[in-house]
Each structure stands twice: as C-alpha cells, then as structure tokens.
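One structure below.
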Amino acid sequence: MSETYASIKSLHSSLPAFQAPISLSLLPSIALVSLLAFFALTFLFTTLPKSKIPIAELSTALIASALAGGGIVALFCTLGVYV
C-alpha cells in the first residue's frame, strides 16, 4: 500500500502546476458581458408573445441560463472565490 502511495506522491510532485485556460485579467470583462447579455435575454424572454410551441421561449431561456451560470462563475473567480 505504501509503495502505491509513494509512486502517486512522486508523480504528483513531478507534474506542472495548474494554469487556467482563461487569463485572470479577462474574468471581469467576461462576467460583465455575460451578465448583461443574461439580463437582456431575460427581458426579451418576458416580452415574447406566448405560442403553442415554445421553441423560441425555450431557446431564449436556455441561452440566458447558460450565460447567467458562466457570468456568476466568472464573477466569483474575479472576487477570489474560486469555484
């Protein structure tokens, strides 16, 4: 058991440090753009006429939801809460 742990520990110490795929200086801009687009799409979603087949409503809501999620994560990372 200790041989396995030692080999994993040596492998871990030989690996390079993690680097984020997105520069930390871009996170505030990404958060702002994503959240502004989310609020705009939410306004659009609430003003769409109701239809029997809600494809436009669902697509708008799904895109707004994805933008809100990404914007909140970028905002938290900007503030130092790495999620």
Side-chain angles (χ1 to χ4, degrees):
M1 185 75 162
S2 62
E3 291 177 18
T4 306
Y5 176 75
S7 65
I8 292 173
K9 185 176 178 181
S10 67
L11 176 64
H12 176 71
S13 62
S14 68
L15 292 174
F18 175 77
Q19 288 193 350
I22 298 173
S23 174
L24 293 179
S25 63
L26 289 176
L27 287 176
S29 301
I30 292 171
L32 179 67
V33 169
S34 295
L35 291 175
L36 287 176
F38 160 69
F39 287 122
L41 284 175
T42 302
F43 175 75
L44 177 67
F45 175 73
T46 58
T47 58
L48 282 175
K50 304 298 180 225
S51 63
K52 291 189 179 207
I53 302 173
I55 293 174
E57 296 167 1
L58 285 174
S59 63
T60 305
L62 288 173
I63 293 170
S65 177
L67 285 170
I72 292 296
V73 168
L75 180 65
F76 279 1
C77 290
T78 299
L79 298 174
V81 181
Y82 297 104
V83 293

Distance-only check: which donor-acceptor pairs under 3.5 Å involve side-chain atoms of residues 15-23, not counting sequence neighbours?
{"from": "S23", "atom 1": "OG", "to": "S25", "atom 2": "N", "distance (Å)": "3.4"}
{"from": "S23", "atom 1": "OG", "to": "S25", "atom 2": "OG", "distance (Å)": "3.0"}

State plainly whether one hydrophobic cluster holds both [X] and [Y], where clusters connect Ile, Leu, Val, Met, Phe, Trp and Tyr through side-chain heavy atoms under 4.5 angstrom apart.
X: L26; Y: L35; answer: no
X: V83; Y: L32; answer: no
X: F45; Y: F43; answer: no
X: L27; Y: V33; answer: no

| message | Looking at K52, I'd like to know if its NZ atom is crowded, meaning that more than 12 non-hydrogen atoms belonging to other residues, nucleotides or ligands lie closer than 6.0 Å. | response |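 For K52, atom NZ is not crowded (no more than 12 foreign heavy atoms under 6.0 Å).
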| query | What distance do K9 atom NZ and T4 atom OG1 have between them, rounded to the nearest 0.5 Å? | reply |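 Going from NZ on K9 over to OG1 on T4, the span is 14.5 Å.
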| said: Measuring from atom OG of S10 to atom NE2 of H12, what distance do you get when rounded to the nearest 0.5 angstrom? | reply: 11.0 Å
| message | For A31, is there any backbone N or O sitting under 3.5 Å from a side-chain donor or acceptor partner on S34? | response |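 No; judged by distance alone, with no hydrogens or angles, the pair does not exist.
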Mind listing the side-chain donor-acceptor pairs of residues 59-74 below 3.5 Å, one per line with the distance, residues two or more places apart or on another chain?
{"from": "S59", "atom 1": "OG", "to": "I55", "atom 2": "O", "distance (Å)": "3.1"}
{"from": "S59", "atom 1": "OG", "to": "A56", "atom 2": "O", "distance (Å)": "3.0"}
{"from": "T60", "atom 1": "OG1", "to": "A56", "atom 2": "O", "distance (Å)": "2.8"}

| said: Are the side chains of I8 and L11 in contact, using a 4.5 Å heavy-atom criterion? | reply: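 Counting from C-beta outward, L11 and I8 never come under 4.5 Å.
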| field | Atom of E57, atom of K50 and distance for their closest heavy-atom approach | value |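 The pair with the smallest heavy-atom distance is OE2-CA, 3.4 Å.
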